[in-house]
Chemist: 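One structure is given below, represented as structure tokens, and several questions about it will come after.
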Amino acid sequence: MRNVTKDTLTDTFLGYFGDQTDPRLREIMESLAKHLHAFALETELTHKEWEKGLDILRQAGNITTPERDEFVLLSDVLGMSSLVDMINSSEAGTSSSVLGPFHISNAPEKDMGTDLRGDYSGELILVEGRVLDTSGQPIKGATLDLWQTAPNGLYSSQDPEQDTYSFHALFTTGDDGRYYFTTVRPVCYTVPSDGPVGEILNATGRHPWRPSHLHYIVKASGFKSLVTEVFPEGDPYLDQDTVFGVRSDLVMNYESQSASSFPKSGFELSGKVNEDYSRVAFDVVLKSE
Ligand code: BEZ
Ligand code: FE
């Protein structure tokens, strides 16, 4: 079409697609174009405003490195990561939640009962649970890839003071499907806000905080892999997670326990705990493939 107008541009755009276009790509691009054009029309977007949007993307590109992906963060704070997650999850099994940008591959294999806290100070927690199928049977040979922040609120990849794999571990379940370890209570922390995403949060009066959490990736042969997180009941940011990751089945009680109740065996810290600690029980239910 030659005389393209506001009213005909979307249809003109859709008409430019080649006959051989993959049908799913066509469906996605058609919907994207319709909503994007409708957004500009509805808001009567100015040149300056559109240029600002492009500049945000440009800045995101400039700041992105293999260790820090500002586009993932943008997707997270816009709610897109969680929305795509929800669209692709079914009712059965443990809810999934955002992966975030701080997972690192090849976490070291650890024995059950390992202590991840080491010399760090902070409340000791004992985390335990089982990996189960949807009928409640334990899954043998499931791997749990776990990671969290240090008590300073930083992941190892953000903090030159930490070892590469500090607060990262990989556990493999035995016949009973159980996993258990000790660590330090995770803390609430802020997502990186020194880039364009921080600018968006700031300009829209949003805070950058996430409730404290432990990250899990759980895999087992014959089951769908699960990316999820566990949050403590009572965390001040549970109802205002800046990346929309909280689901009610992922919120657990941190049950306060006396030092004398710490298991006498089976843990690296057995026989060495002189302080009260908290117990976190979290079973993971995987869906069949
Ligand atoms: C995280 O939980 O590690 C995270 C998730 C989304 C954005 C930033 C951090
Ligand atoms: Fe996190």
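First listed ligand is number 1; within each ligand, the first listed atom is number 1. Every heavy atom of this structure was used, including side-chain atoms; hydrogens, water molecules and symmetry mates were not.
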Chemist: Any luck finding a side-chain donor-acceptor pair between Asp133 and Ser135 under 3.5 Å?
Modeler: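 On atom types as modelled, these side chains qualify, holding a pair under 3.5 Å.
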Chemist: Ignoring hydrogens and angles, state whether a donor on the side chain of Ser265 or Ser270 is under 3.5 Å from an acceptor on the partner side chain.
Modeler: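 Not at all, the side chains of Ser265 and Ser270 share no donor-acceptor pair under 3.5 Å.
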Chemist: Test of understanding: with side chain to side chain contact (heavy atoms under 4.5 Å, CB included), list the residues that count as partners of Ser258, not counting sequence neighbours.
Modeler: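 Listed in chain order: Ser260, Ser261, Asp276.
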Chemist: How far is atom 6 (C) of ligand 1 from its nearest protein heavy atom, and which residue and atom name does that atom have?
Modeler: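 The closest heavy atom on the protein side is Asp76 OD2, 3.0 Å.
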Chemist: Does Gln148 put an N, O or S atom under 2.8 Å from the Fe ion (ligand 2)?
Modeler: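 No, since none of the N, O or S atoms of Gln148 sits under 2.8 Å from the Fe ion (ligand 2).
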Chemist: Quick one: does ligand 1 sit under 4.0 Å from the side chain of Val72, the backbone, both or neither, non-hydrogen atoms only?
Modeler: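 Neither; nothing of Val72 gets under 4.0 Å from ligand 1.
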Chemist: Have a look at the Fe ion (ligand 2) and estimate, to 10 degrees, the angle subtended by NE2 (His213) and NE2 (His215).
Modeler: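 NE2 of His213, the Fe ion (ligand 2) and NE2 of His215 span an angle of about 90°.
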Chemist: Looking only at protein heavy atoms, which one is nearest to atom 1 (C) of ligand 1, and what is the separation?
Modeler: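 Atom 1 (C) of ligand 1 sits closest to the protein heavy atom Tyr189 OH, 2.7 Å.
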Chemist: Applying side chain to side chain donor-acceptor pair (under 3.5 Å), which residue pairs with at least one partner in residues 279-289 are found, sequence neighbours left out?
Modeler: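 Every side chain to side chain donor-acceptor pair (under 3.5 Å) pair that includes a residue of residues 279-289, provided the two are not neighbours, is Ser90-Lys287, Glu128-Arg279, Arg130-Asp283, Glu255-Arg279.
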Chemist: When the ring centroid of Tyr189 is compared with that of His213, is the distance short of 6.0 Å?
Modeler: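 Centroid distance Tyr189-His213: below 6.0 Å, so yes.
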Chemist: Just jot down the ligand 1 atoms closer than 4.0 angstrom to any heavy atom of His215, in number order.
Modeler: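 It comes down to these atoms of ligand 1: 1 (C), 2 (O), 3 (O).
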Chemist: Report yes if some N/O of His213 lies less than 3.5 Å from some N/O of ligand 1; otherwise report no.
Modeler: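 Yes, His213 has an N/O under 3.5 Å of an N/O on ligand 1.
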Chemist: Would His103 count as a contact residue for ligand 1, given that I'm defining contact as a non-hydrogen atom of the residue lying under 4.0 Å from a ligand atom?
Modeler: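 It does not, in that no heavy atom of His103 comes within the 4.0 Å cut-off of ligand 1.
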Chemist: Using a strict 4.0 Å cut-off to heavy atoms of Gly100, name the atoms of ligand 1 that fall inside it.
Modeler: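 Counting from 1, the qualifying ligand atoms are 4 (C), 5 (C), 6 (C).
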Chemist: What I'd like to find out is whether the side chain of Thr242 reaches to under 4.5 Å of the side chain of Thr190, using heavy atoms alone.
Modeler: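 In short, these two side chains do not touch, never coming nearer than 4.5 Å.
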Chemist: Which of the numbered atoms in ligand 1 are below 4.0 angstrom from a heavy atom of Glu229?
Modeler: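 The list of qualifying atoms is 2 (O).
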Chemist: Checking ring pair (Phe, Tyr, Trp, His ring centres under 6.0 Å) between His215 and each of Phe167, Phe231, Trp147, which is the one that passes?
Modeler: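 Only one of Phe167, Phe231, Trp147 forms a ring pair (Phe, Tyr, Trp, His ring centres under 6.0 Å) with His215, namely Trp147.
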Chemist: At a threshold of 2.8 Å, where the distance has to be below it, does the Fe ion (ligand 2) have an N, O or S atom of Tyr189 nearby?
Modeler: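 Within the cut-off used here (under 2.8 Å), Tyr189 does place an N, O or S atom near the Fe ion (ligand 2).
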Chemist: Among protein heavy atoms, which sits nearest to atom 9 (C) of ligand 1, and what does the distance come to when rounded to 0.1 Å?
Modeler: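 Result for atom 9 (C) of ligand 1: Pro101 CD, 3.4 Å.
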Chemist: So which atom in Ser97 and which in Leu250 form the shortest heavy-atom distance, rounded to 0.1 Å?
Modeler: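 Smallest heavy-atom distance, with atoms named: CB-CD1, 3.9 Å.
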Chemist: Determine, stepwise, if the pair Asp145 / His103 fulfils side-chain hydrogen bond (donor to acceptor under 3.5 Å, both in side chains).
Modeler: CA-CA 9 Å; Asp145 188 348; His103 174 250; 2.9 Å; yes
Chemist: So if I count the atoms of ligand 1 from 1 in the order they appear, which ones are less than 4.0 Å from some heavy atom of Leu73?
Modeler: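 Numbered from 1, ligand 1 contributes 7 (C), 8 (C).
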